[in-house]
Amino acid sequence: MASYKLYLHLEGSSTLPDFTYIYRSTSNSQDSVLALLAEFCSKFNQKYRESLSAEQLQLVTENGKCPALDSQVVKAFERGVDVQVKVTSKPTQPKPCATSDKLCTTPASKRLEHLAADLQIGSTGQQTTEQAKSQETAQSGDIDFVDSTPSDDELLSESDGKVYLPIIKQFLERAKEAESKKYFRAACKIYEQVLKVAPFHKEALTAFAQLWLTVSRPKDAVKIAKKATSSAPDDPGSHRLYAQCLSECKQYNEALTAYSTALDLAKECGDSVTVQDDMQVDIVRVLYLMGGSHKDTAAGLIMNVLRSNDHHQSGLIVYAKMASERGMVRDAVQVLIRVLIRAPDDQEIRLTLAKCLQRPEGMAALRAELDGGGETDAAMAFLATAIKDYGAVPASNMLFRRALELKPSSPSYALNLMHGLELDQHYGKALQLALDFCRATKIETGGGLDVANVVQQLQHLPPLTGQDPLAWLRSEPWNPQWTPHCSWGPTGTNPLDAVATPPRNMSDVSSTNSVQRNPAALPHSTTGPSVNSPHQAIAGVPGLAEGGLPGVGMDAASHDCIALGSLNGQIDVLSIEEQSGEVQKVEYTPTQLDLLALLFTVVKLLYIGGALPRCARVVNLLDSAARASAKELHKTLIRNEAAYFGCVKQLVLQHPPPPQPQAAGTLPLYLCGDSHCLSGAWNLVQLRGQPRVLVPCLVTGLKIWHMRQAGIFYPKHSFLTTMANLPDGAQVIFMFGEIDCREGLTMAVDKLKYETVDAAMDVLLHIYKDVLLKLVQERGFEMFVHPIAPVLNETRHVVAPFNHKLQQQIEILSRAPEAHGGLHWLDFFPDLLTPDGSSLNPALQFDGTHMSPYYVHFLNAQLAAII
């Protein structure tokens with residue numbers, strides 16, 4: 001299902017602050033405009049503790065139109081557009097219940113009536129168009145579920161129950177809708193309110209308990225599930241849910257008792273054999289978790305279930321886990337392939353299969369299983385995709401390689417294998433794969449791109465290893481012409497002069513106007529010139545300094561020139577006029593887009609590997625093909641690859657790294673991070689009086705959360721591989737955490753993982769410190785902790801306090817004996833902001849997502865001060 005995003009902007013006033021909210025859904029969403037407004041209000045109120053309501057607001061399109069409140073969002077607005085939010089009136093007062101002019105007399109029904117009014121739902125449970133306010137946007141608040149038995153006047157009477165059951169049903173439907181969108185805190189609020197009015201409502205109790213299990217809070221779930229068994233003592237489902245909660249709390253004996261009760265009730269109620277088998281499998285899971293002799297009992301029980309029903313999915317999964325643990329990997333793989341075909345999206349199956357295929361005998365077992373004709377390219381690619389997210393990267397790469405062997409013309413398989421090799425830090429192998437594919441492919445693109453020219457640029461690269469990370473950098477001189485306005489140094493003709501006396505502030509750097517962008521769009525649709533564009537003339541490329549560069553935030557009126565470096569070679573560099581000329585638009589097919597994505601990935605790998613002149617030449621070759629797309633590339637399925645291409649393009653053309661010293665004695669200083677490490681890559685700094693080159697160690701998509709010991713998501717595999725490839729005693733700058741601040745922390749609170757963002761931060765800090773300390777102690781690394789980049793307006797209010805906490809923790813830990821003096825905090829976060837701390841330093845504007853490479857001046861000042 002295609003994703004769908006909107007960017008909602010509220011321009012502040014004397015009473016309301018500015019606010020931007022990114023709405024995310026799918027292209028078939030049924031959300032109304034009114035529901036969207038309510039969601040916007042919820043996020044605004046949560047951040048600023050305001051009481052803004054949807055009735056006060058109006059959405060206005062770029063052409064000034066205001067869609068009807070009952071219209072569908074996806075039909076009212078094109079995907080990815082900016083929508084203005086206008087304040088139109090004061091908030092309206094809640095309406096009374098539709099069935100009566102007076103509120104009901106009993107306390108319980110009175111509270112329910114107020115709740116119905118707040119949600120604008122009549123007692124019949126029906127809604128008018130104007131009343132369609134979505135409850136999933138209810139403001140988050142402290143959870144205050146009271147487990148005590150209510151008094152008589154707190155319960156609905158029989159007559160009240162008949163009247164208000166439709167309303168309760170409507171509330172529960174709203175809660176389920178909120179859960180489906182992962183608005184768990186909003187769903188929790190609904191359940192909480194319903195249960196205050198009807199404390200023993202079975203459906204509400206069971207749904208609420210299941211919600212707590214979903215968000216991995218079984219201790220909260222077990223209290224409510226126990227109450228559900230009191231509400232429905234003869235219901236086997238309630239007892240089964242209670243047993244599941246007990247099991248999640250590791251109260252295994254109590255869980256077995258509850259499961260036995262549920263199974264007995266199921267037999268008495270005449271439930272189907274399938275339901276009874278499900279409960280038997282639940283009991284097997286508990287016995288297996290108890291370990292010891294209980295595992296043998298579990299093995300016997302699971303065989304009994306499968307003898308009566310050899311298609312029982314949950315039973316087969318449990319059997320596969322047992323078989324794998326006992327060394328019967330082929331049996332386990334055979335069973336898992338069987339159930340995966342029937343349930344391709346089941347996460348437990350995928351995880352179990354990934355674990356099996358990471359064992360030495362796992363892939364052999366898979367090959368043996370597929371020898372009978374199941375080894376098709378589609379099957380290989382599906383299995384590779386299914387296990388990759390669970391950290392089985394080498395196995396996934398083997399499967400994608402086999403898929404490519406079976407269908408060598410597929411750019412999709414080649415692209416996926418390139419990404420897998422990148423995760424394993426095999427940049428040379430990934431580029432060799434691209435070279436082989438481009439030599440053979442017959443696919444054509446627009447913009448006059450000749451893939452054969454790209455092939456020329458990929459030949460004869462030397463090996464790139466952890467022992468020689470500068471091999472590509474030294475393979476060809478990189479000498480962009482120096483000018484006094486260069487981004488890598490304010491004075492002199494030697495790039496090392498730039499790191500001798502770095503400025504402490506940006507007051508000497510001219511700033512034009514800031515770039516207004518969609519923060520999620522990355523480097524694709526810049527709408528204005530970039531500030532602080534220190535520019536260089538291009539040696540031997542006449543005319544290139546005379547105009548602007550489209551697509552990377554430059555124009556001729558505000559900038560002198562740009563730099564591509566030394567581009568001597570077989571490819572002529574086009575002038576700006578030629579680059580900015582009109583190209584014939586092409587509606588790219590999925591196959592053509594996959595080829596473009598593969599070529600964009602080539603650019604990324606050349607840049608992070610240090611082959612800067614080749615990278616610049618390939619950027620030049622691909623630019624017209626990228627601009628030829630009739631559909632903006634950041635709105636296609638190759639948006640990630642296109643984003644990296646746009647970022648690298650802007651770096652090599654507008655902010656190129658400085659000329660690189662060819663002296664063999666220049667040592668690397670590793671800059672390890674997510675995509676933010678690209679900004680500082682290949683710049684020169686000083687550490688303890690010695691020149692160092694910043695070598696990027698890109699770990700795409702890595703959050704601090706992924707680093708935790710229990711983490712299995714594939715970015716962690718990439719991180720561990722990256723660390724393993726660094727030499728013992730390496731000096732490493734760590735710059736992670738921006739993705740956590742952008743989407744992890746607040747989402748974790750919304751999903752009820754934590755009560756506050758502050759509590760979530762503390763968990764991340766504990767993970768980060770453990771990783772840093774382990775690398776210092778076990779590998780002898782000297783670690784320099786980089787502050788999180790405060791680029792996005794929408795997340796700066798999270799980034800700033802997280803950096804403050806991080807600084808405090810690192811400075812304390814750095815003085816501890818166990819750190820061995822190998823841990824440092826790089827204290828230049830204030831330099832990245834305006835004096836009042838409210839915005840990014842305008843001189844560091846780049847592409848709306850990353851900082852300008854000019855920030856390296858501040859980084860260098862901190863490194864140079866370390867003794």
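Keep in mind that what you see is a predicted model, and the values were worked out from it rather than measured.
The structure places CG of Leu596 at 7.0 Å from CG of Leu633, a figure rounded to the nearest 0.5 Å.
At least one side-chain heavy atom of Leu840 sits less than 4.5 Å from a side-chain heavy atom of Gln845. In this structure the side chain of Pro656 never reaches within 4.5 angstrom of the side chain of Leu651, judged on heavy atoms. You'll find the side chain of Phe736 reaches within 4.5 Å of the side chain of Val699, heavy atoms only. Taking 4.5 Å as the limit, every side-chain heavy atom of His634 sits out of range of all side-chain heavy atoms of Thr636. Taking 4.5 Å as the limit, some side-chain heavy atom of Asp836 sits within range of a side-chain heavy atom of Ser838. Put simply, the side chain of Thr20 does not reach to within 4.5 Å of the side chain of Leu10, judged on heavy atoms.
If you look at His655 and Phe846, their ring centroids are closer than 6.0 Å.
Counting only distance, with no hydrogens or angles, the side chain of Arg185 and the backbone of Val749 share a donor-acceptor pair below 3.5 Å. Without hydrogens or angle criteria, Thr601 side chain to Ala597 main chain gives a donor-acceptor distance under 3.5 Å.
Using cut-offs of 30° and 60° for the angle between ring planes, the Phe600 and Phe645 rings count as parallel.
Glu755 has a carboxylate O that lies under 4.0 Å from a charged side-chain N of Arg217, or vice versa, which qualifies the two as a salt bridge. Contact check on Glu173 versus Lys176 returns no salt bridge, with no Lys/Arg side-chain nitrogen under 4.0 Å from an Asp/Glu carboxylate oxygen. Looking at Asp750 and Lys182, no side-chain N of the basic residue comes within less than 4.0 Å of a carboxylate O on the acidic one, giving no salt bridge. Between Lys703 and Glu738 no salt bridge is recorded (no basic side-chain N to carboxylate O distance below 4.0 Å).
Between the side chains of Asp758 and Thr756, no donor-acceptor pair is found at a separation under 3.5 Å. Side-chain polar atoms of His419 and Glu641 form a donor-acceptor pair below 3.5 angstrom. Side-chain contact check for Tyr23 and Asp31: at least one donor-acceptor pair (N or O, by modelled atom type) lies under 3.5 Å. One side chain, Thr700 or Tyr644, offers a donor N or O that lies under 3.5 Å from an acceptor on the other.
For the pair Lys43 and Tyr21, the cation-pi criterion (under 6.0 Å, within 45° of the ring axis) is not fulfilled.
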